[in-house]
Amino acid sequence: MHWTDRRKRFRTLLAGERCVHPGSVFDPISARIAEDLGFEIGMFAGSVASMTVLGAPDLIVLTLSEFAGQAYRINRAGNLPLMVDADHGYGNALNARRTVEELETAGVCGLSLEDTDLPMPYGTTAPRLISIDEGVAKMKAALGGRQDPSLCIAGRTSAITITGLDDAIARGKAYEAAGVDALFFVGVRTRAELDAISGATTLPIILGGVSGDLTDLAYLGARRVRIALQGHQPFAAAVKAVYDTLKALRDGTQPSKLQGVASPELMKKVTRDADYARWTKDFLGG
């Protein structure tokens with residue numbers, strides 16, 4: 001498949017002046033729903049991927065091939081530009097390069113690489129970071145693995161919650177100097193913190209999990225924030241819906257009496273039933 005058009009749209013968003021919320025997606029159906037509802041981009045997180053593919057918590061037990069495979073399935077289902085959380089690149093700098101190769105092939109438009117020391121080493125009880133030098137090496141290796149120049153690579157750090165604002169800014173500036181296309185900061189909680197980060201850097205900014213004073217899209221846009229995550233409630237809602245439905249059926253509720261079930265019309269819409277009916281007629285003589 002050809003991914004360039006959606007990557008150009010993603011780049012246009014980063015180069016603009018607006019901040020948008022991405023649709024948190026986790027499979028082909030959720031991506032189609034996000035696209036149908038008008039989301040400009042989708043976000044596929046590593047935590048959600050681990051739960052979707054493995055039914056496991058976010059402990060970096062998912063493999064690159066499993067993550068890339070799910071990203072490809074999401075991408076082939078529609079035309080929604082997809083940003084993904086590539087965690088730590090599944091290893092060292094060489095692994096980070098391989099991660100870019102696989103995710104580029106899978107059709108993603110943007111990916112973030114973080115500088116958290118993952119998976120957590122033996123004997124540690126709290127998150128810690130790799131050195132700035134190692135983080136820079138990962139960013140350079142990732143950029144070296146990119147073949148399509150329209151693919152966006154973002155340097156990501158959670159330093160503000162681990163080592164403080166000054167270190168977060170230092171890491172952002174180092175990754176900017178290494179050549180990344182955007183900076184992804186997790187843990188920013190106040191306007192003062194964002195103002196300091198925005199004032200010290202020049203690249204487009206991505207924020208993870210905004211709340212409180214950081215929900216004003218006009219303010220965020222003026223600080224070069226182009227993407228602001230809202231969390232991953234759609235997956236949590238899907239889990240609850242499945243749990244509640246199966247529990248109701250187990251407890252004796254008749255299928256026709258279930259609440260909150262998608263209508264046949266909605267099911268046809270999200271499965272692109274009309275397209276398949278047309279193809280059946282055109283190619284199978286139906």
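Numbers for residues simply follow the sequence, beginning at 1.
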Can you hop from [X] to [Y] via hydrophobic side chains spaced under 4.5 Å?
X	Y	answer
L118	I132	no
M51	V239	yes
L14	V188	no
I153	M83	no
V84	V61	yes

Has [X] got a side-chain atom pairing as donor or acceptor with [Y]'s backbone, closer than 3.5 angstrom?
X	Y	result
R224	G221	no
R191	L214	no
H232	S24	no
E104	Q147	yes
S158	V186	no
K138	R97	no
T99	N95	yes
T215	S211	no
E102	S65	no
E265	A262	no

Taking all atoms of both residues into account, what is the closest heavy-atom pair of [X] and [Y], and its distance?
X	Y	answer
D87	G46	OD2-CA, 4.0 Å
R32	V270	NH1-O, 2.9 Å
R18	V20	NH1-CG1, 3.5 Å
C152	F10	CB-CE2, 3.7 Å
L113	A96	CD1-CB, 4.3 Å
L207	F184	C-CE2, 4.1 Å

Derivation of the salt bridge (Lys or Arg N to Asp or Glu O under 4.0 Å) call for D244 and K247: CA-CA 5 Å; D244 289 348; K247 183 175 184 295; over 6 Å; no
Full working for side chain to side chain contact (heavy atoms under 4.5 Å, CB included) between K281 and R278: CA-CA 5 Å; K281 180 178 179 180; R278 186 178 70 255; 5.8 Å; no
Ionic contact status for [Y] with [X], cut-off 4.0 Å:
X	Y	result
D5	R9	yes
R189	D213	no
R171	D115	yes

Side chain to side chain contact (heavy atoms under 4.5 Å, CB included) assessment of N92 paired with L94: CA-CA 6 Å; N92 63 20; L94 297 181; 3.5 Å; yes
Check whether any side-chain heavy atom of [X] sits under 4.5 Å from a side-chain heavy atom of [Y], and report yes or no.
X	Y	answer
C109	L82	no
I197	R223	no
I29	D27	yes
K8	T4	yes
F185	I160	no

Worked check of side chain to side chain contact (heavy atoms under 4.5 Å, CB included) between L13 and E40: CA-CA 9 Å; L13 189 151; E40 295 181 66; 4.1 Å; yes
Nonpolar side-chain network containing V261, other nodes, edges under 4.5 Å: L249, L258
Residue among V108, N75, L80 satisfying side chain to side chain contact (heavy atoms under 4.5 Å, CB included) with R6: N75
Partner of M43 under side chain to side chain contact (heavy atoms under 4.5 Å, CB included), chosen from V25, I206, D85, I227: D85
Audit row: D181, R146, salt bridge (Lys or Arg N to Asp or Glu O under 4.0 Å) steps and yes/no: CA-CA 12 Å; D181 305 296; R146 177 174 62 187; 2.7 Å; yes
Neighbour count >12 (heavy atoms, 6.0 Å) for atom CZ, R76: no
Neighbour count >12 (heavy atoms, 6.0 Å) for atom CE, M267: no
Parallel, tilted or perpendicular, as decided by the 30° and 60° cut-offs, for the rings of Y90 and F67: tilted
Gap separating the CZ atom of R226 from the CD1 atom of I205, nearest 0.5 angstrom: 8.5 Å
Pairwise distance CZ(F44) to CZ(R73) - rounded to 0.5 angstrom: 8.5 Å
Distance only, no hydrogens: is a donor on one side chain within 3.5 Å (strictly under) of an acceptor on the other, for [X] and [Y]?
X	Y	answer
E114	T116	yes
S150	D148	yes
T63	E66	yes
S198	D195	no

For D117, all residues meeting side-chain contact (heavy atoms from CB on, under 4.5 Å), sequence neighbours excluded: P121, R128, I130
